[in-house]
Amino acid sequence: MKNQPVLFYCKDGTLYPVALTQEQQQMFEMTVSLISPLKVISDKPQGQAVNLLPNREEQ
């Protein structure tokens, strides 16, 4: 997996990954670039990233 911003939804204190279409992903990346550079808090990881769409080619 490449290093990139991702979107999560918090429900009842649990984080869930949000699936985006390609168009939504592009809009999300453009929005994130407006607040660049992002401050990454590296001493508070949320867990290991897992590919939930294993059949989808990485872009």
Side-chain angles (χ1 to χ4, degrees):
M1 292 184 170
K2 64 181 180 176
N3 293 340
Q4 65 181 6
V6 294
L7 185 62
F8 280 86
Y9 178 77
C10 183
K11 179 180 178 186
D12 299 326
T14 302
L15 293 176
Y16 296 92
V18 175
L20 300 174
T21 64
Q22 186 173 6
E23 181 180 352
Q24 291 169 329
Q25 180 66 30
Q26 289 172 343
M27 291 298 292
F28 178 63
E29 289 174 2
M30 285 182 4
T31 303
V32 168
S33 71
L34 295 174
I35 56 174
S36 187
L38 294 176
K39 182 175 181 176
V40 178
I41 304 170
S42 57
D43 65 339
K44 303 227 184 260
Q46 300 298 301
Q48 189 68 31
V50 176
N51 185 355
L52 299 176
L53 301 171
N55 296 330
R56 184 175 174 195
E57 293 181 26
E58 288 197 37
Q59 301 172 10

**OP:** Hydrophobic side-chain clustering at under 4.5 Å (ILVMFWY, transitive links): who's grouped with V6? Put none if nobody.
**Re:** F8, L15
**OP:** Check side chain to side chain donor-acceptor pair (under 3.5 Å) between Q26 and all other residues, then give those that pass, not counting sequence neighbours.
**Re:** none
Original post:
Are M30 and V18 co-members of a hydrophobic cluster defined by side-chain heavy atoms under 4.5 Å apart?
Top reply: no
**OP:** Evaluate whether atom CD of Q4 has more than 12 neighbouring non-hydrogen atoms of other residues, nucleotides or ligands under 6.0 angstrom away.
**Re:** yes
Original post:
Under 4.5 Å between side-chain heavy atoms, hopping through other hydrophobics if needed: is there a path connecting F28 to Y9?
Top reply: yes
Original post:
Can you tell which of E23, E29, Q22, M27 makes a side-chain contact (heavy atoms from CB on, under 4.5 Å) with Q25?
Top reply: E29
Subject >> Within one Ile-Leu-Val-Met-Phe-Trp-Tyr cluster: I35 and L7, side-chain cutoff 4.5 Å >> reply: yes
Original post:
Does atom CG of D12 have more than 12 heavy-atom neighbours, drawn from other residues, nucleotides or ligands, at distances under 6.0 Å?
Top reply: no
Original post:
Taking everything shown except L38 itself, do over 12 heavy atoms lie less than 6.0 Å from its CG?
Top reply: yes
